[in-house]
Amino acid sequence: MRHSVNRPPTPDAAEDQEKEPTLQEIINIKLIESGEKERLMELLRERLTECGWKDEMKALCRAFIKKKGRNNVSVDDLVHVITPKGRASVPDSVKAELLQRIRTFLNSAAL
Amino acid sequence: MSASREDNTSPDAQLSSHFFGDLLDSIVVDIASECHRIAKLGLDRNLEDEEEELRLSTQARVRAADPSNSGETNSKYVVDIFGQTHPPVANEIFDCMNCGRSIMAGRFAPHLEKCMGKGRKARLKAARSSTAAQNR
């Protein structure tokens, strides 16, 4: 049976403790703990739905599923179908708005 | 703090882009997962409906192209998109609520005209019976 989702291998606990957290990881934790990541997600979701981007992606999925047959498709396949097109077709205004919010957070997080 | 084009490769901009990509990836996985679920559970009726419609439309086209089935000359036996035939005059029978007679549906409107008093004879009839009632 095919695995629907490819998981990266679980990191070894001992290995982890020796590495210092990278800047990215620190910021990621701050984003999550402050709740800002959740807010950003919701904002991005809303903007992408409003402009029809989500519907476009769903249409791409449906077309792919129709072609391959609905029992031969995995979530991974769909992710690979959507990701390149998705990244390229985010409206500039949406991207700018989110980047601005993120930059503001980075500045206010006083790093 | 100006957002100039030089900012594109600054560590700040890279960081922001990284997190934006992160958010986008999560949303993409959500959408993929949702579509996958709908497909596997067969909840997207459109998929099967479209194939069904395609099949029926090709059938209908074949029937229409068939020379023995010309719609104009054979109006009594023309077939509609659901495959039903209809007689030129509606032939259900029911009772008129005014006079109580059994009337055919296709003849109901003309019947009502006479029955309820639009026609000359009906008006005379009504006038006669009302004056008769007054004179009593």
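The chains referred to below are lettered A, B, ... by the order of the sequence lines, with proteins before strands, and numbering in each begins at 1.
Taking the charged nitrogens against the carboxylate oxygens, Glu50(A) and Arg47(A) do have a contact shorter than 4.0 Å, which makes a salt bridge. Salt-bridge formation is not detected for the pair Glu42(A)/Arg39(A): no Lys NZ or Arg NE/NH1/NH2 atom is positioned less than 4.0 Å from an Asp or Glu carboxylate oxygen.
Thr49(A) contributes atom OG1, which lies 7.5 Å from atom CG of Asp55(A) (distance to the nearest 0.5 angstrom).
Heavy-atom distances place no part of Leu60(A) under 4.5 Å from chain B, backbone and side chain included. Heavy atoms closer than 4.5 Å to chain B are found in the side chain of Val90(A), but not in its backbone.
Ser16(B) places a side-chain N or O within donor-acceptor distance of the main-chain N or O of Asp12(B), the cut-off being under 3.5 Å.
Options Leu23(B), Val28(B), Asp22(B) differ in how many heavy-atom pairs under 4.5 Å they form with chain A, and the most are formed by Leu23(B). Listed options Arg101(A), Lys95(A), Met57(A) were ranked by heavy-atom pairs under 4.5 angstrom with chain B; first place goes to Lys95(A).
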